[in-house]
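Because the structure is a prediction, the values reported are computed rather than measured.
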Amino acid sequence: TVSVIVYDVLGREVAALVQGDVAAGRHTVDFHNTTISSGTYFYRLTAIDRSGGVNVNMKKMVLLK
């Protein structure tokens with residue numbers, strides 16, 4: 001199971017880009033959102049493997065319109 005969630009600098013959830021099962025391998029996610037302004041955001045990638053292991057990565061991104 002994989003989830004990719006985008007947050008603003010105050011920690012509020014802005015968008016859920018991926019939620020569910022995804023096949024193993026490399027993937028890309030497009031973020032098309034016209035309702036939020038340019039600025040700094042954070043995204044959290046959470047992956048849970050079949051054995052129950054959890055991998056969480058949080059990164060900063062800059063949205064430019």
Side-chain angles (χ1 to χ4, degrees):
T1 302
V2 174
S3 69
V4 179
I5 311 292
V6 178
Y7 299 93
D8 64 12
V9 293
L10 298 176
R12 297 178 295 206
E13 184 176 318
V14 173
L17 304 180
V18 177
Q19 289 184 325
D21 293 334
V22 177
R26 288 182 169 256
H27 299 276
T28 60
V29 177
D30 292 328
F31 181 43
H32 300 286
N33 193 322
T34 59
T35 61
I36 64 173
S37 60
S38 296
T40 302
Y41 293 88
F42 297 90
Y43 65 91
R44 183 180 69 198
L45 167 65
T46 304
I48 303 171
D49 63 26
R50 293 182 185 185
S51 65
V54 178
N55 187 359
V56 178
N57 289 300
M58 190 152 211
K59 300 284 183 174
K60 180 171 63 170
M61 69 176 181
V62 176
L63 177 66
L64 299 174
K65 289 188 172 188

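Note on Tyr43 and Val18: same hydrophobic cluster, where clusters join Ile, Leu, Val, Met, Phe, Trp and Tyr whose side-chain heavy atoms are under 4.5 Å apart, directly or indirectly.
For residues 37-60, no residue pair satisfies the salt bridge (charged side-chain N to carboxylate O under 4.0 Å, His left out) rule, not counting sequence neighbours.
Grouping Ile, Leu, Val, Met, Phe, Trp and Tyr by side-chain contacts under 4.5 Å, direct or through others, puts Val54 with Ile48, Val56.
Residues passing the side chain to side chain donor-acceptor pair (under 3.5 Å) test with Thr1, sequence neighbours excluded: Asp21. Shown here are the side-chain contact (heavy atoms from CB on, under 4.5 Å) partners of Tyr41, two or more places apart in sequence or in another chain: Val6, Asp8, Val14, Ile36, Ser37, Met61, Leu63. Not a single side chain to side chain donor-acceptor pair (under 3.5 Å) links Ser38 to another residue, sequence neighbours left out.
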Identify every side-chain donor-acceptor pair in residues 24-31 under 3.5 Å, counting partners at least two apart or on other chains, and give the distances.
residue	atom	partner	partner atom	Å
His27	NE2	Ala23	O	2.7

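Within the 4.5 Å cutoff, the side chain of Val2 has no heavy atoms near those of the Thr46 side chain.
Closest non-hydrogen pair, Tyr7 versus Met58, comes out as CD1-CE, 3.8 Å.
The OG atom of Ser3 lies 7.0 Å from the CG atom of Leu45; values are rounded to the nearest 0.5 Å.
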